[in-house]
Amino acid sequence: IAIGNTDKRMVDWLKENMGGYIQHQTRKDGYKDYYIWKYAGKKVLVLANEVRPYLVVKGEQVDKLFNGA
């Protein structure tokens, strides 16, 4: 799973609570730097289940995780 944001506090919280690692991307002039938290493991299923009610586009992919499709 990968979650990105321009506010590093969010990805720092994810790393501290879930593990994984953070990738930092420097952007061109006028754009904020971008931070991507990446994780693979069993906790991904827990996280996916928790955020599922809020997913609009990616919801189908999460459903496939739980339905074995």
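Between V62 and L55 the shortest heavy-atom distance is CG2-CD1, 3.5 Å. When all heavy atoms of V11 and I3 are compared, the pair lying nearest together is CG1-O, 3.8 Å.
W13 and Y39 end up in the same hydrophobic cluster when Ile, Leu, Val, Met, Phe, Trp and Tyr side chains are linked at under 4.5 Å. In the hydrophobic cluster analysis, where Ile, Leu, Val, Met, Phe, Trp and Tyr join through side-chain heavy atoms closer than 4.5 angstrom, V44 is grouped together with I22. Tracing side-chain contacts under 4.5 Å through hydrophobic residues (I, L, V, M, F, W, Y), one reaches L47 starting from Y35; they form part of the same cluster.
Sequence neighbours left out, the pairs with a member in residues 39-57 that pass salt bridge (charged side-chain N to carboxylate O under 4.0 Å, His left out) are R52-D63. Under the salt bridge (charged side-chain N to carboxylate O under 4.0 Å, His left out) criterion, the residue pairs touching residues 8-18 are D7-R9, K8-D12, with sequence neighbours excluded.
K38 pairs by the side-chain hydrogen bond (donor to acceptor under 3.5 Å, both in side chains) definition with Q23, not counting sequence neighbours. Residues satisfying the side-chain contact (heavy atoms from CB on, under 4.5 Å) test with Y54, not counting sequence neighbours, are none. Contacts of D33 classified as side-chain hydrogen bond (donor to acceptor under 3.5 Å, both in side chains), with partners at least two apart in sequence or in another chain: H24.
Between the OG1 atom of T26 and the NZ atom of K32 there is a distance of 15.0 Å, given to the nearest 0.5 Å.
Proximity of a side-chain donor or acceptor of N49 to a complementary backbone N or O of L45 within less than 3.5 Å is not detected. Side chain of W37 to backbone of M10: no donor-acceptor contact under 3.5 angstrom is found.
Taking Ile, Leu, Val, Met, Phe, Trp and Tyr as hydrophobic and joining them when side-chain heavy atoms fall under 4.5 Å apart, one finds V57 in a cluster with V56.
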